[in-house]
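No experiment lies behind these values; they were computed from the predicted model shown. In what follows, every chain begins at residue 1, and chains take the letters A, B, ... in the order their sequences are listed.
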Amino acid sequence: MIARQPTAEPERPKIWFEALVLVGLGALLLGGAEVASQWRQPLRQTVEIDLSAWALPKYALFSLARGWIAYFFSLLFTLLVASWAFYDERARRYVLPALDVLQSVPVLGFLPGLVLALVSLFPTSNTGLELACVVMIFTGQVWNMAFSYYDSLRGVPADFRMLGRLYGFKWWHRFLKVELPFGAQGLLYNSMVSMAGGWFFLSITEAFKLGDQDFRVPGIGSYMSVAIERGDVRAQFLGVAAMGVVIVVADRLIWWPLVVWSRKFKLDDFGTGTVDQSGLQRWLTRSRAVQALTVRFGLFFNRVLRPPAPPGRDGEPAATGELPQRQTGLWLYRLLIVTLLTGLAWGAWRLIVLLGRVNLADWGEILRCTGISFGRVLAAVALGTLWTVPVGVWIGLNPKLSSRLQPFIQFVASFPAPMIYPWILAVVLVLGSSLQWGAIPLIMMGTQWYLLFNVAAAASAVPNDIISCAALLRLSGWQRWRQFLLPAVFPGLVTGWITAAGGAWNATIVSEYVQVGDKLYEATGLGAFISRATNDGNFPRLSAAVLVMAVVVVGINRALWKPLQNLANDRCRFMT
Amino acid sequence: MAPEPSILIDLADVSHEYASGGHEKDLVLSDVTLAVAENDVVALLGPSGCGKSTLIRVMAGLIVPTRGTVRYRGTPLHGVSPGVSMVFQNFALFPWLTVRDNVLLPVGRLPAAEQQARLDKVLSTVGLGAYEHAYPRELSGGMKQRVGIARALIAEPEVLCMDEPFSALDVLTAETLRNEIGRLLASPEHPLRTMVMVTHNIVEAVFFATRIVVMAAQPGRVDVIVPVSLPYPRDPDAPEFRAIVEKLHAILTRTNLPDNADSAKVVTKTDGPAKRIAPVSLPYVTPGEVLGLLSLLGDKECDVFDLAERFAKEFGAVVRLVKAAELLGFVQTPGQDVVLTPLGQEVVAGSTETQKRIVREQLCRLKIFELLLRLIKVQENQMLPDEELLRELQTALPHEKPKPLFRTLLSWGRYTELISYDQRHHVIRLYEAKAPKGRAAPAAPQSPPPASPPPTP
């Protein structure tokens, strides 16, 4: 909770704040124009990245624009696909598992094919490259959002749906007045996570190389990669700082106000006057410029979205005229399914053809590499568990501590770790190790935070009476961990494991194959195999390795994590 | 000097505050001095919010009080008390352990044979033999609480603490368990003789306790200690038993519904502003609840404790309701009875609009509302920010919790159309009825209708 300082009178926003809002809007427009002109520029083989500090805001803007465009598509995809899965029972049986598999697929493996395809689609402009970059960010964002929204659709109480039917809501009314408000909180939380997930591969996707072709686009990620290539430590620090600023600013200016605002959709809390607002939002709602805008906006929406009069009032039954519409809808729907299936079949055929060109020795090497990477992933998750469980429990059981540490951990977790891989690698090399072992801390950098978050959340949810009871029983030492704390955080730990292990497999691609300056550090492993195949432009080997990785991730999910999750939900949930 | 060694728990001048957000502090316990001797069965009785749950946790060493000393067998407590076991209202069973493992938790360090012997004994005592290998999830509420009791007994504690042990159970199950604990106390071979229990149920307190500590709220403190010397097992229908229950009724009514406090309640306009009497707070109830109470009262007088039973509500909640109705002049409370006043009868008979008008008139005579309306009027734009009101309430009524009081004032003010509240901007203003086009009458049908009365059992 935010402690609100009592104020003598309702604060009036100062003039400079009004100005700031207007300047911000202006900057938004100008920035949009800048981004658009960058996209329309003719395709250059290599983009020169300017390492001066003054170029950074522009690069940050480009990266942000990609992130937000990707987010827009993620949101669109989420709303469409989750609603589809919810309303179409037949489709649900295929859509949900498909999403689950897509979530586990190593996204970087698709980058080469995607870049080539899109560049050939837009041979005369940068649009193809930019789109490829956006799609990569999209794939890092979308899956958890879709699952969250689907869950919230399922959670809409029957009463509210009934109400919608009674008042004759059309689908968009139902969507805007019932479904979206219900999903808002979950969607928002997952959007924050997704934005962080989308940044993770930024330094790779923006500075992509395929064989000797350089598909670089301007942005913070490519700035960072050039700085690393040239060994310019000052520029590296600047890049990291800029990324940090981008994360903090987005969190404070966009996510936090939205989180505060979304609290009004909480069903169980209609307390008056106790809803705490973020300082910024209170300012914004009191700024006259913004007020004028929202009023206008609100009027527009009210006009467009006013629900129709209840059926029967105008003597007109609501159901007439729906039939022909249904018919065309059905045909469109069938067409969509057929297109989707055709696409799938074509893709599968292409894949088989490609895989046919992989020889037996390659398969052997892929399997060997998979074994080694499996070891690394396990080691990374195990090491992460070793430190995050005690620390997470400590944080979770201390409400004061957790509220103080949470923003910090959130920042560290959303920082794209590959950007600072060279620094960690330098430490590893100084310690006299090689990337064979050094890849493990690199993998951990990106994935341990999921464990910490989930363990801390589970620990903070332990009921007070249980904590009192454990204290009275004088459980101590190992007994306290074995019989009380470990089982109590187990559900959170399993959730953390699933996310961390999936992320770790993806992270092997960037962690087992690191380029610092003109030196290449490589470890034996599936991730390095994929990276090498990408660099060589060897598509058969690349698709074989990506396929194996996807199968391994999905297989481990099914064989190991799902049973553990069932066990945790069955045994270790506190009764409420 | 003789009974000195038999004192187990000794509290001296114990006070406890919770920091409740920001700089405001809640005084939950104020100067409590209390001793629990061997073979004492102490019941902590009182309405919710009187700090009885905090007190039992202080005794167990789970909460370190802000002031005062807690001793166990003469030595000051550091951390949890060595001889205390506790039974929790919501059982606090570990869901990942079977009944057997849950019960064995406190005796993990004993030899296996000893563990087994104690387990068999305690499981047969509470009647759980057949459930040894079940998980808590599979058990009903009553069975769960049996596990909780078995876990507390197996350590053979010197003091058994029970925090509302039967409140989460349905009436019949609670009755069964209560009788079983009563049988334990009655059987001479059972070693456990010392108990501390928290309850808001008067009969339950008389059924078990050798001493009943009646507590009062705001701030939480010990009001009276009533000794009970009836032999076990006790019969709730015996005249001696009923006499003690009656006595407790009288005590609780006296502390919670005092007869001679009328002078402070309603403040007339003649009270000059120079007289700074602290305004009497409005109990935290809604207009709908009070109107429901009035319509259920009828023209007969009704005992407060009967009302509590009829509404299936806790005694403290009914007292709050009756206090609010009395403050507004709708009921009188001679002794333990509640009677409608003529004004109250008028409210019951009136239409929605009449009800609203009468409540509005009565509300305006309360000093707390006078304060609220004056605060709004002195604002330059007649808009009172909620922070300001919260601060004023806290200075005017330091013993009240500002936020629930704020919500109560808001709900009454909005119901009677005295004020309106803008939740987006956090300001309160005077209510102005929107005059509908073409009609001059300032009727305002948008306001919420009074809530329907609570169902009668």
- Task: Determine the option with the most heavy-atom pairs under 4.5 angstrom with chain A, choosing from Ser411(B), Gly148(B), Gly79(B), Pro82(B).
- Result: Pro82(B)
- Message: For Tyr450(A), is the OH atom crowded, meaning more than 12 foreign heavy atoms sit under 6.0 Å from it?
- Response: no
- Message: Are Ser468(A) and Met86(B) packed together at the side-chain level, in the sense that at least one heavy-atom pair is separated by less than 4.5 angstrom?
- Response: no
- Task: Measure Leu105(B) against the heavy atoms of chain A and call it side chain, backbone, both or neither at under 4.5 Å.
- Result: both
- Item | Contacting moiety of Ser81(B), where chain A heavy atoms sit under 4.5 Å | backbone
- Message: Are there over 12 heavy-atom neighbours, none belonging to Phe369(B), within less than 6.0 Å of that residue's CZ?
- Response: yes
- Answer yes or no for Arg571(A) and Phe490(A): cation-pi contact, defined as NZ/CZ to six-membered ring centre under 6.0 Å and angle to ring axis within 45°. no
- Message: Tell me whether Trp481(A) at atom CH2 has more than 12 heavy atoms from other residues, nucleotides or ligands lying less than 6.0 Å away.
- Response: yes
- Query: At a heavy-atom separation under 4.5 Å, does Phe484(A) approach chain B through its side chain, its backbone, both, or neither?
  - Reply: both
- Message: For chain B, which candidate among Leu473(A), Ile467(A), Asn464(A) shows the most heavy-atom pairs at distances under 4.5 Å?
- Response: Leu473(A)
- Item | Leu475(A), part contacting chain B, at a heavy-atom distance under 4.5 Å | side chain
